[in-house]
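Heads up, the thing below is written out as structure tokens.
What you are looking at is a predicted structure, and each value in this text was computed from that prediction instead of being measured. By convention here, the first residue in the shown sequence is residue 1.
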Amino acid sequence: MSVLTREAALALSYVPYAERERLPHTGGLYYAIVDRSEVAYVGLAATSLLNRWRSHQYAGALKRLGSITIGFLTAADIDGGMHVAERQS
């Protein structure tokens, strides 16, 4: 089993919370990173990462923790058969 390290997570695609309108309109896995150092939340958007973050139920609480960055893997990234940890090697 592969493990996604902190370094690998921080190297994936991301957008600052203030620029969340740039998220793709496709499903995928997302995670909220506080101050580019701590993964504070992980979730799954079934149909649209963009729509999920337009009305995320924990957005207010996450923003109070610090500067939020939204990292993500699209469904195409996941379904492509190449696991993140494999791309890092």
Practice item. Kindly write out the residues that satisfy ring-ring contact (aromatic ring centres under 6.0 Å, His included) with Y30, not counting sequence neighbours, or none if the list is empty. Key: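 Only W53, H56 meet the ring-ring contact (aromatic ring centres under 6.0 Å, His included) criterion with Y30.
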Review point. Side-chain contact, heavy-atom cut-off 4.5 Å: I70 with Y17?
Key: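 Result yes, sub-4.5 Å side-chain heavy-atom pair found.
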Check your understanding: For S67, which residues count as a side-chain hydrogen bond (donor to acceptor under 3.5 Å, both in side chains) partner, sequence neighbours excluded?
Key ->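 Testing S67 for side-chain hydrogen bond (donor to acceptor under 3.5 Å, both in side chains), a comparison that skips the adjacent residues, returns none.
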**Study point:** Residue list, side-chain hydrogen bond (donor to acceptor under 3.5 Å, both in side chains) with R54, at least two apart or on another chain
**Key:**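 For R54, the residues satisfying side-chain hydrogen bond (donor to acceptor under 3.5 Å, both in side chains) (neighbours in sequence not counted) are E21, N51.
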Point to revise | Partner set under side-chain contact (heavy atoms from CB on, under 4.5 Å) for A18, not counting sequence neighbours | key: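 Checked A18 against side-chain contact (heavy atoms from CB on, under 4.5 Å); zero matches.
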Exercise for review: Please list, chain by chain and in numerical order, all residues satisfying side-chain contact (heavy atoms from CB on, under 4.5 Å) with T69, sequence neighbours excluded.
Suggested key: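 Counting only residues at least two positions away or on another chain, T69 forms a side-chain contact (heavy atoms from CB on, under 4.5 Å) with Y14, I33, R36.
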Please determine whether residues [X] and [Y] belong to a single hydrophobic cluster, defined as Ile, Leu, Val, Met, Phe, Trp and Tyr linked transitively by side-chain heavy-atom distances below 4.5 Å.
{"X": "L44", "Y": "L62", "answer": "no"}
{"X": "V34", "Y": "F72", "answer": "yes"}
{"X": "L12", "Y": "V15", "answer": "no"}

**Study point:** T74 OG1 to L23 CG distance, which is reported to the nearest 0.5 Å
**Key:**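 Rounded to the nearest 0.5 Å, the OG1-CG separation comes to 11.5 Å.
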Check your understanding: Of all heavy-atom pairs between A32 and I68, which one has the smallest distance, and what is that distance?
Key ->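 Taking every non-hydrogen atom into account, CB-CG2, 4.3 Å.
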Check your understanding: Taking only residues at least two apart or on different chains, which pairs with a member in residues 39-48 satisfy side chain to side chain donor-acceptor pair (under 3.5 Å)?
Key ->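 Every side chain to side chain donor-acceptor pair (under 3.5 Å) pair that includes a residue of residues 39-48, provided the two are not neighbours, is H25-S48.
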